[in-house]
Chemist: 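Here you go, one structure.
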Amino acid sequence: MQTIRQLDALRDALASFRAAGESIALVPTMGALHAGHIALVETARLRAQRVVVSIFVNPIQFGPNEDLARYPRREMQDARMLTDAGADVLWMPPVEEMYPGGFATAVSVSGVSDILEGAHRAGHFDGVATVVAKLLGQVRPDIALFGEKDFQQLAVIRRLVRDLDLGVEVLGVPTQRDDDGLALSSRNLYLDPDERQRAVALPRALGIAARSLEKGGSADEALAQARDMLIQAGFEIDYVALVDAETLGEPAADRPMRLLAAARIGNTRLIDNVAVEPAA
Ligand code: PAF
């Protein structure tokens, strides 16, 4: 695997792939890799001949009181994992290469960015959309893969790619979970053992609510029960919401839905989501 930190060198590597007629997949990440990221790389390898993984802790998607400074950075370990997983290129630009002096452009996807995460993290999705637009421009992949754990992010990126005619296939890959159901996330590294144990209430609450909804239970009751479970486990809730799985707007009982939640345990903010199929 080649590790590349400068755009010129990235362009040279990509040009040689293209000259050989090879297709290219991009897996954008912020590093601190876990099995969820590796599942993205493995899927990417099935879908393209060359796999580029980016690691860039994108400062503009963190709010002023968020965890940019303490976000885990594990370059050596990440590089080893990606080599083992069969990635071809690790694209790891420094901040000055991504945002050189004078950088003045922001990409904003209105509507789908404004609700849920967007309502709690002002500017977050503008930062995501801007860096993803840049990564897609830098790599020009045939396909780009993102985890479904960040379900709203995936919707924002799909909208971005459609609206700007970026001509790349966007593929969502199912969330990878620990044995007890907790969604894998780089932020799980922040949890102490007690918080880690209590954190499992998040997937459990969503799972119970999803099953109740699929049996035709009332949405208000299912959401209230999920909130109670989270509060009992010591979470502070940002939101627990049921939305249409495609538009993230109002759910309709005869269409696929998604149940999403964001909540804080101690100093760690976790998000998760599950599919809710229409009741039979
Ligand atoms: O999901 C992430 O890790 C990030 O939001 C992404 C898509 C790499 C953009 O910085």
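Only a predicted model underlies this, so the values are computations on that prediction, with no experimental measurement involved. When reading the values below, keep in mind they use all heavy atoms of this one structure, side chains included, and skip hydrogens, waters and symmetry mates.
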Chemist: So does Leu7 get a backbone contact from the side chain of Glu97, meaning a donor-acceptor N/O pair under 3.5 Å?
Modeler: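 Yes; judged by distance alone, with no hydrogens or angles, the pair exists.
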
Chemist: Could you check whether any side-chain heavy atom of Tyr71 comes within less than 4.5 Å of a side-chain heavy atom of Arg187, counting everything from C-beta outward?
Modeler: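 Yes, their side chains come closer than 4.5 Å.
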
Chemist: Check whether any side-chain heavy atom of Val27 lies under 4.5 Å from a side-chain heavy atom of Phe146, and answer yes or no.
Modeler: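 With C-beta onward as the side chain, the pair stays apart.
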
Chemist: Rounded to the nearest 0.5 Å, how far does CH2 of Trp91 lie from OG of Ser54?
Modeler: 9.0 Å

Chemist: Enter the distance from Met229:CE to Leu202:CG here, rounded to the nearest 0.5 Å.
Modeler: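 It comes to 9.5 Å.
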
Chemist: Are the side chain of Gln152 and the backbone N or O of Ile115 linked by a donor-acceptor pair below 3.5 Å?
Modeler: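 Yes, Gln152 side chain to Ile115 backbone: donor-acceptor pair under 3.5 Å.
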
Chemist: Of all the heavy-atom pairs spanning Ala199 and Ile265, show the shortest one and how long it is.
Modeler: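 Closest approach of Ala199 to Ile265: N-CD1, 4.0 Å.
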
Chemist: Tell me whether His120 contacts the main-chain N or O of Asp238 through its side chain, where contact means a donor paired with an acceptor under 3.5 Å.
Modeler: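 Side chain of His120 to backbone of Asp238, a donor-acceptor pair under 3.5 Å: yes, one is there.
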
Chemist: Is the count of non-hydrogen atoms from other residues, nucleotides or ligands lying under 6.0 Å from Glu236 atom CD greater than 12?
Modeler: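 No - once you tally the heavy atoms of other residues, nucleotides and ligands closer than 6.0 Å, there are 12 at most.
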
Chemist: Is any side-chain N of the basic residue among Arg159 and Asp163 closer than 4.0 Å to the acidic one's carboxylate O?
Modeler: yes

Chemist: Please answer: with hydrophobic residues joined when any side-chain heavy atoms are less than 4.5 Å apart, are Ile55 and Leu145 in the same cluster?
Modeler: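 Same cluster.
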
Chemist: Quick one, Met30 with Gln61, criterion side chain to side chain contact (heavy atoms under 4.5 Å, CB included). Give me CA distance, side-chain angles, the key distance, then yes/no.
Modeler: CA-CA 11 Å; Met30 296 205 301; Gln61 71 185 74; 3.7 Å; yes

Chemist: Measure the shortest side-chain to side-chain distance between Leu10 and Val89 over non-hydrogen atoms and say whether it is less than 4.5 angstrom.
Modeler: yes

Chemist: Please determine whether the number of non-hydrogen atoms from other residues, nucleotides or ligands lying under 6.0 Å from atom CG of Asp180 exceeds 12.
Modeler: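 Buried by this count: over 12 neighbours within 6.0 Å.
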
Chemist: Mark yes when over 12 heavy atoms from residues, nucleotides or ligands other than Glu66 sit less than 6.0 Å from its CD; otherwise mark no.
Modeler: yes

Chemist: Is there a side-chain contact between His37 and Gln176 (heavy atoms, below 4.5 Å)?
Modeler: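 Result no, sub-4.5 Å side-chain heavy-atom pair not found.
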
Chemist: For the CG atom of Asp150 and the CZ atom of Phe125, what is their distance to the nearest 0.5 Å?
Modeler: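 Here the interatomic distance stands at 7.5 Å.
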
Chemist: Within the side chain of Asp78, is there an N or O that forms a donor-acceptor pair under 3.5 Å with the backbone of Leu33?
Modeler: yes

Chemist: Taking Ala119's backbone N and O only, do any of them form a donor-acceptor pair with Asp114's side chain (distance below 3.5 Å, no angle check)?
Modeler: no

Chemist: Tell me which one of Arg177, Arg158, Arg258 satisfies salt bridge (Lys or Arg N to Asp or Glu O under 4.0 Å) with Glu148.
Modeler: Arg258

Chemist: Charged N to carboxylate O under 4.0 angstrom, Asp142 versus Arg47?
Modeler: no

Chemist: Cation-pi check for Phe235 against Arg198: NZ or CZ below 6.0 Å from the six-membered ring centre and within 45 degrees of the axis, yes or no?
Modeler: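 No, Arg198 does not lie over the aromatic ring of Phe235.
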
Chemist: Taking the side chain from Glu42 and the backbone from Ala39, do they hold a donor-acceptor pair closer than 3.5 Å?
Modeler: no

Chemist: Stepwise, does the salt bridge (Lys or Arg N to Asp or Glu O under 4.0 Å) test hold for Lys149 with Asp272?
Modeler: CA-CA 6 Å; Lys149 188 182 76 74; Asp272 199 355; over 6 Å; no

Chemist: Look only at the side chain of Arg204 and the backbone of Leu182, and say whether a donor-acceptor pair between them is shorter than 3.5 Å.
Modeler: no

Chemist: Any heavy-atom pair between the side chains of Pro59 and Val95 that's under 4.5 Å?
Modeler: yes

Chemist: What pairs with Arg5 under salt bridge (Lys or Arg N to Asp or Glu O under 4.0 Å), at least two apart in sequence or on another chain?
Modeler: Glu75

Chemist: Could you tell me which residues satisfy side-chain hydrogen bond (donor to acceptor under 3.5 Å, both in side chains) with Arg18, sequence neighbours excluded, listed by chain and number?
Modeler: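 side-chain hydrogen bond (donor to acceptor under 3.5 Å, both in side chains) check on Arg18 returns nothing, list empty.
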
Chemist: Inspect the surroundings of CZ in Arg227 and state if more than 12 heavy atoms from other residues, nucleotides or ligands are less than 6.0 Å away.
Modeler: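 Atom CZ in Arg227 is packed in, count exceeds 12.
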
Chemist: Hey, is CD on Glu246 packed in by over 12 heavy atoms from elsewhere, all under 6.0 Å?
Modeler: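 12 or below, so no.
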
Chemist: How long is the gap from CG on Leu136 to CG on Leu166, to the nearest 0.5 Å?
Modeler: 6.0 Å

Chemist: Is any side-chain heavy atom of Val52 closer than 4.5 Å to a side-chain heavy atom of Asp88?
Modeler: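 Counting from C-beta outward, Val52 and Asp88 never come under 4.5 Å.
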
Chemist: Do Ile60 and Thr130 have side chains that get closer than 4.5 Å, going by heavy atoms?
Modeler: yes

Chemist: Distance check, rounded to the nearest 0.5 Å: Ser23 atom OG versus Arg50 atom CZ?
Modeler: 10.0 Å

Chemist: Kindly work out whether a path of hydrophobic side-chain contacts (I/L/V/M/F/W/Y, heavy atoms less than 4.5 Å apart) joins Leu184 to Phe151.
Modeler: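 Different clusters: Leu184 never reaches Phe151 through Ile, Leu, Val, Met, Phe, Trp or Tyr contacts under 4.5 Å.
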
Chemist: Does Gly249 offer a backbone N or O that forms a donor-acceptor pair with the side chain of Thr247 under 3.5 Å?
Modeler: yes

Chemist: Applying side chain to side chain contact (heavy atoms under 4.5 Å, CB included), run through Asn267 and Arg70 and close with a yes or a no.
Modeler: CA-CA 12 Å; Asn267 291 323; Arg70 73 169 180 144; 3.9 Å; yes

Chemist: Under a single-linkage definition using a 4.5 Å side-chain heavy-atom cutoff for Ile, Leu, Val, Met, Phe, Trp and Tyr, are Ile271 and Leu206 assigned to the same hydrophobic cluster?
Modeler: no

Chemist: Using modelled atom types and a 3.5 Å cut-off, is there a donor and acceptor pairing between side-chain atoms of Asn188 and backbone atoms of Ala183?
Modeler: yes

Chemist: Could you list the residues that satisfy salt bridge (Lys or Arg N to Asp or Glu O under 4.0 Å) with Asp228, not counting sequence neighbours?
Modeler: none

Chemist: Is any side-chain heavy atom of Thr3 closer than 4.5 Å to a side-chain heavy atom of Met92?
Modeler: yes

Chemist: For Asp178, is there an ion pair with Arg196 - N to carboxylate O distance below 4.0 angstrom?
Modeler: yes

Chemist: Any chance CD of Gln197 has more than 12 other-residue heavy atoms, nucleotides or ligands included, within less than 6.0 Å?
Modeler: no

Chemist: What closest approach, in Å, do Ala210 and Leu259 show between heavy atoms, and which atom pair accounts for it?
Modeler: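 Answer, listing the atom of Ala210 first, then Leu259: N-CD2, 3.9 Å.
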
Chemist: With clusters defined by side-chain heavy atoms of hydrophobic residues (ILVMFWY) lying less than 4.5 Å apart, directly or transitively, does Leu90 cluster with Phe56?
Modeler: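 Not linked; separate clusters.
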
Chemist: Check for a donor-acceptor pair, side chain of Asp192 on one end and backbone N or O of Glu195 on the other, with a separation under 3.5 Å.
Modeler: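 Yes.
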
